Structure formats: C-alpha cells, structure tokens
Number of protein chains: 2
Amino acid sequence: MSQLGICANIENERSIDMGSTSTVSELSSARPATRFDRRLAKILEHATAIFCEKGYEGASMRDLSRASGMSLAGLYYYFESKEKLLYLIQKDLFTTVMELLRERLKDVSDPEVRVRTFIQNHVEFFLSKPKAMKVLSHEDDVLSDELGKEIAALKRQYYHSCADLIEVLKRDKNLDLNSRAAVMSLFGMINWLHTWYNLRVDGTPRVLATEISDIFLRGIYSAPRQ
Amino acid sequence: MSQLGICANIENERSIDMGSTSTVSELSSARPATRFDRRLAKILEHATAIFCEKGYEGASMRDLSRASGMSLAGLYYYFESKEKLLYLIQKDLFTTVMELLRERLKDVSDPEVRVRTFIQNHVEFFLSKPKAMKVLSHEDDVLSDELGKEIAALKRQYYHSCADLIEVLKRDKNLDLNSRAAVMSLFGMINWLHTWYNLRVDGTPRVLATEISDIFLRGIYSAPRQ
DNA sequence: TGCAAATTATAACGTACGTTCGATAGAGTG
DNA sequence: CACTCTATCGAACGTACGTTATAATTTGCA
C-alpha cells in the first residue's frame with residue numbers, strides 16, 4: 001500500500017491563486033493583492049503542509065513558525081488564531097472547487113456527462129493539491145462555533161451539488177436506487193484518493209477520474225430499472 | 001448531511017470482548033481474564049470514545065482520566081504510554097475483523113460471494129463499533145517506530161485479504177479492470193461509512209452492505225471483458 | 001531624506017501536556 | 001494477623017501550547 005508523499009514538499013503543489021476571488025482578497029475588502037496578501041498566502045501554504053503532516057491538533061504554531069521562517073508572534077499579524085488558519089484553508093478549497101465545477105458544468109447538459117464532470121473536477125482539483133485534500137477531509141469536524149458552521153454549510157452545498165446531479169441522472173435513466181448510499185459511496189471513493197494515489201502507479205488524475213466514474217456509473221446503471 | 005452521534009455514549013457500543021483471543025490476553029501471556037484485564041478493557045473503551053471525539057492528538061490523558069474516573073497517574077499502571085493505547089485499540093480491531101472474516105469465508109467458495117462476504121464482514125463489524133471505526137481510519141498514520149510498523153503490517157494484510165479476493169473474482173469472470181483502483185474505491189466506500197451512516201435513515205448494516213456490494217460488483221462486472 | 005505605517009521579533013503570559021516518583025491503601029494468602 | 005504484592009493517587013517533572021504586549025526594524029511615500 002504505497003502512500004503518496006504528500007507532506008514532503010510544498011513545491012509539489014500549486015500555490016493558492018491570489019489573482020482569483022480568493023478568501024484573502026475577501027478578507028481584505030477587495031484590496032488588490034499586496035505584500036500582506038502574498039505573505040498570508042505563503043503562510044497558508046506552509047500551514048497546509050504542516051497540518052497535512054502532523055494533523056491540525058498535532059501541528060503547533062511553533063512548527064509553522066519554523067517551517068515558514070517567520071517568528072511565532074509575527075504570524076499573528078496575518079490572522080487571528082490557529083483555528084482561523086484552518087478555516088481559511090478549508091473555505092478557500094470549497095469555494096474554489098465549487099467555482100471550477102460551476103464553470104465546467106456551464107456548457108454541459110447531458111446528465112451522465114454532468115456527473116462525470118463532477119467527478120473529474122473533484123479528482124483533478126484535489127489531486128493537484130493532495131495536501132490540501134487531506135487537510136479538508138481529515139480535519140472535517142475540528143472547527144467550532146461560527147467558523148465551523150460556515151464550513152459545514154459549504155460542505156453541505158458541495159454535497160448537494162453532487163446529490164442533485166445524481167438525482168437528475170436517476171430520473172433521466174429511470175433508475176431505482178438508494179440515492180443516499182450511492183452519493184455517499186461516490187464521496188467515499190473520491191475522498192479516499194489521498195490515502196493511496198500515486199502518480200507513478202495510478203496514472204494521471206484524468207485517467208483515474210474516468211476509471212472511478214466508470215465503476216460508479218456502471219454500478220448504478222445496473223440497478224433495477226423502475 | 002446527518003452525522004452519526006458516534007462519540008456520544010460508550011454504552012452504544014459493544015464492549016471489547018475479553019473472552020476471545022484479545023490483545024489484552026496476549027499482553028498478559030495467556031493469563032486468564034483478571035481484574036487487571038477488566039480494568040484495562042474499560043480504559044480502552046473510554047480511550048476509544050475520547051480519541052473518536054477529540055482525535056488522538058486533541059485528546060489528552062487528562063480527558064481520559066476524567067472520562068474513566070481513574071487518576072491520571074493511575075492509568076499508567078495499565079499501559080506504558082498514550083501511544084500504546086492507540087496501538088492496542090487498532091491492533092485489536094484489525095486482528096478481530098480479520099479473524100471474523102476468516103471464519104466467515106471458511107465455507108464459501110464462490111468468488112463473488114466471497115467478495116460480498118468481505119464487504120458484509122467489514123460493514124457489519126465496523127458499524128457495530130462506529131467509534132472504533134473512526135479511530136482506526138482517522139488515526140491511520142499516527143503511530144511511529146515499531147508500533148506503527150506493526151499496525152501498518154496488519155493494515156497491509158487486511159488490504160491484501162481484500163485485493164486477493166478481487167483478483168480471484170477478476171480471473172473467474174475474465175474481467176479487464178484496474179484492480180488497484182477497484183480495490184481502493186471499495187475501501188473508500190466502506191471506510192467512509194462512519195462519516196455518514198445513520199441507522200434510522202440508512203437501514204441495518206446488512207442492508208447497506210448489500211447495497212454497497214451491488215454498486216461495486218455491478219460496477220466492475222460492466223467493465224470490458226477480456 | 002524623514003516620517004508614518006507596516007511588519008517583525010523577543011519575552012512573557014497563563015495554561016496544558018505526557019509521564020514519573022514515592023507514599024499509601026487495598027487485596028490476597030499463609 | 002502479618003506480610004507481600006497489586007493498585008491508586010497527589011505532587012511534581014520537564015516541556016510545550018496558543019496567544020499577547022511591546023519594542024525594534026523595515027517599508028513605502030511625499
């Protein structure tokens with residue numbers, strides 16, 4: 001069972017794109033990207049790597065300080081708390097993946113292709129950011145109070161974006177299946193990827209997305225018809 | 001997305017069975033169940049609950065002390081370290097589920113039924129111990145050194161028990177599929193269960209195991225034949 | 001260049017962690 | 001009952017945590 005070396009080096013991962021409608025820009029009230037923004041983005045990258053490697057609770061702010069080269073207190077100029085760090089990371093991931101999905105689905109109308117598009121978007125996005133993927137799924141129930149509520153709402157939104165696609169497909173093909181089990185099984189498949197994916201062994205994210213889509217769709221298509 | 005209230009109450013979960021060939025008996029060199037063993041088993045239950053609720057790193061020994069009613073120092077009479085606690089929990093789970101699987105497969109020869117049996121064994125076992133299930137998968141890469149190696153070996157063994165079944169089925173049905181993606185997708189499905197399963201909504205573990213088996217098997221059966 | 005704002009770091013706060021030690025109480029046995 | 005072993009706990013150890021206050025330094029701009 002080979003493990004992805006996802007916590008080894010942050011250079012393996014694309015930087016958080018500061019040119020887009022990022023969380024950081026929102027935080028700064030639509031201010032153009034500044035030195036502050038760039039520094040924060042870098043800190044978030046390091047935080048993602050550290051949280052991925054040691055887990056949120058196991059990772060300390062001193063770990064982050066060492067990894068980023070900024071003093072412990074200096075970090076707090078950029079965000080209010082450790083919890084806020086995790087919130088920023090998770091919020092950005094959810095909003096970005098959903099935005100990308102929205103774009104991809106714009107010109108797609110066939111129900112099956114839309115489901116395939118969902119899977120491909122998810123697999124490609126998260127396998128381009130394996131560390132972030134782990135932080136998103138592994139630290140799923142860490143945040144509390146308002147921050148946790150907001151992330152939970154984004155997660156629910158993402159869940160529904162998938163469930164709705166399956167529902168449309170179910171109706172289109174007259175399938176008789178347990179939607180919930182199907183949707184959750186699909187999420188299990190795609191969210192488990194970070195524990196086993198290995199580019200050298202498993203091929204590109206696109207190939208893998210196709211394979212997973214095939215298994216899943218054929219599985220539900222073989223369900224008894226209404 | 002309703003969440004199983006898996007961390008609410010340890011009485012919802014069966015006790016670790018001390019009558020079987022448990023890890024604790026092994027630890028005590030085949031000594032019959034004693035007061036020590038009973039106390040340790042109870043501590044392990046509480047630890048499972050606490051680790052499930054707060055995560056291994058987020059849970060402290062003081063949390064466990066409070067939950068179990070035993071003093072902080074008193075706990076250390078029963079085991080050497082916090083890490084050893086997690087090891088004992090995970091080892092017991094792996095060895096038990098594999099033993100149960102061995103028993104169930106004894107009189108089964110049909111390749112498809114054997115795969116269905118694997119899935120059913122896993123789903124039923126772990127949904128009877130949802131907290132333990134979460135601790136097993138969530139704290140997958142926490143243990144280090146010799147303890148971590150041993151658990152990793154058990155995990156690999158369990159993985160192979162499944163992969164081998166799929167391989168036999170693949171040959172029996174002349175399937176042309178990516179075994180690795182298939183096996184891992186299946187593990188994704190069944191290991192994700194703890195995040196969404198709700199007895200009132202989703203039915204019994206047996207029903208769910210059948211549904212997941214159906215989706216999976218039909219998915220791989222529809223693969224191109226050699 | 002000088003000044004104000006932004007940024008950074010040292011030191012510390014208050015609290016918590018996993019674990020150990022030694023004293024004592026409890027249990028078991030002859 | 002006396003003795004031995006088991007079990008328990010208060011106190012403490014050495015270390016670490018997330019965060020804050022404040023002084024020092026750097027950056028940006030007129």
Side-chain angles (χ1 to χ4, degrees), chain A residues 18 24-25 27-29 31-44 46-48 50-51 53-89 135 139 142-145 147-148, chain B residues 18 24-25 27-29 31-44 46-48 50-51 53-89 135 139 142-145 147-148:
Chain A
M18 298 311 302
V24 177
S25 298
L27 208 61
S28 314
S29 305
R31 191 177 58 179
T34 59
R35 175 186 161 88
F36 179 99
D37 301 323
R38 286 190 296 272
R39 293 302 301 253
L40 179 55
K42 213 71 195 165
I43 291 165
L44 289 172
H46 285 290
T48 302
I50 291 289
F51 290 162
E53 182 189 344
K54 301 192 172 194
Y56 174 78
E57 295 287 348
S60 70
M61 298 305 287
R62 286 163 179 80
D63 289 329
L64 179 57
S65 170
R66 283 186 291 267
S68 63
M70 181 176 291
S71 73
L72 189 54
L75 291 171
Y76 287 90
Y77 179 73
Y78 292 91
F79 51 82
E80 291 92 322
S81 64
K82 184 183 178 184
E83 204 172 35
K84 192 67 182 284
L85 261 188
L86 182 61
Y87 161 81
L88 289 174
I89 290 166
V135 171
E139 313 301 339
V142 168
L143 295 175
S144 50
D145 302 328
L147 296 184
Chain B
M18 298 309 301
V24 179
S25 299
L27 206 61
S28 316
S29 308
R31 189 176 61 177
T34 59
R35 176 185 159 87
F36 179 98
D37 299 326
R38 287 191 293 273
R39 294 304 299 254
L40 179 56
K42 212 69 194 167
I43 291 165
L44 288 173
H46 285 290
T48 302
I50 291 288
F51 290 162
E53 182 190 343
K54 302 193 175 196
Y56 174 77
E57 294 286 350
S60 70
M61 299 305 286
R62 285 162 179 81
D63 290 329
L64 179 58
S65 171
R66 282 186 291 266
S68 62
M70 182 177 289
S71 73
L72 189 54
L75 291 171
Y76 287 88
Y77 180 74
Y78 293 90
F79 51 81
E80 291 92 320
S81 64
K82 186 183 180 185
E83 205 173 34
K84 191 68 182 283
L85 262 187
L86 182 61
Y87 162 81
L88 290 175
I89 290 165
V135 172
E139 313 302 338
V142 169
L143 294 176
S144 50
D145 302 329
L147 296 184

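Since we're looking at a predicted model, the values are computed, not measured. First the proteins, then the strands, lettered A, B, ... as listed; each starts at 1.
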Sequence neighbours excluded, which residues qualify as salt bridge (Lys or Arg N to Asp or Glu O under 4.0 Å) partners of A:Arg66? A:Asp63

Closest-nucleotide mapping onto DNA chain D: is B:Arg39 or A:Tyr56 further toward the 5' terminus? I mean the 5' end. B:Arg39

4.5 Å side-chain heavy-atom contact, B:Ser60 and B:Lys54: no

Which of D:dT8, D:dA7, C:dT10 is nearest the side chain of B:Phe36? It is D:dA7

Polar-atom pairs under 3.5 Å, protein N or O versus N or O of nucleotides 21-28 of chain C: list them with distances, or write none.
none

Has B:Lys82 got its NZ or CZ under 6.0 Å from the middle of the six-membered ring of B:Tyr56, at an angle within 45 degrees of the ring axis? yes

B:Phe79 CZ - C:dT20 P separation (whole Å): 11 Å

Would you find a donor on one side and an acceptor on the other, under 3.5 Å apart, between the side chain of A:Ser65 and the backbone of A:Met61? no

Supply the atom-to-atom distance B:Tyr78 OH to B:Leu44 CG, rounded to the nearest 0.5 angstrom. 12.0 Å

To the nearest angstrom, the OH-P distance between A:Tyr77 and D:dG18 comes to 22 Å

Value for CD1 (A:Ile43) from CD1 (A:Ile50), rounded to nearest 0.5 Å, stands at 13.0 Å

Polar atom pairs (N or O), protein with nucleotides 12-17 of chain C, under 3.5 Å:
from: C:dC17; atom 1: OP1; to: B:Ser60; atom 2: OG; distance (Å): 3.1

From OH of A:Tyr78 across to P of C:dA6 the rounded distance in Å is 12 Å

Side chains of A:His46 and A:Met70: closer than 4.5 Å at any heavy-atom pair? no

Look up atom CG in A:Leu147 and atom NZ in A:Lys84, then write down how far apart they are to the nearest 0.5 Å. 6.5 Å

Rounded distance (Å) that lies between atom P of C:dT8 and atom CG of A:Leu75: 10 Å

Name the closest nucleotide to the A:Tyr76 side chain, picking from D:dT20, C:dT7, D:dT8. D:dT20

What is the distance, rounded to the nearest whole Å, between atom CE of B:Met70 and atom P of D:dT6? 16 Å

Check whether any side-chain heavy atom of A:Leu85 lies under 4.5 Å from a side-chain heavy atom of A:Leu75, and answer yes or no. no

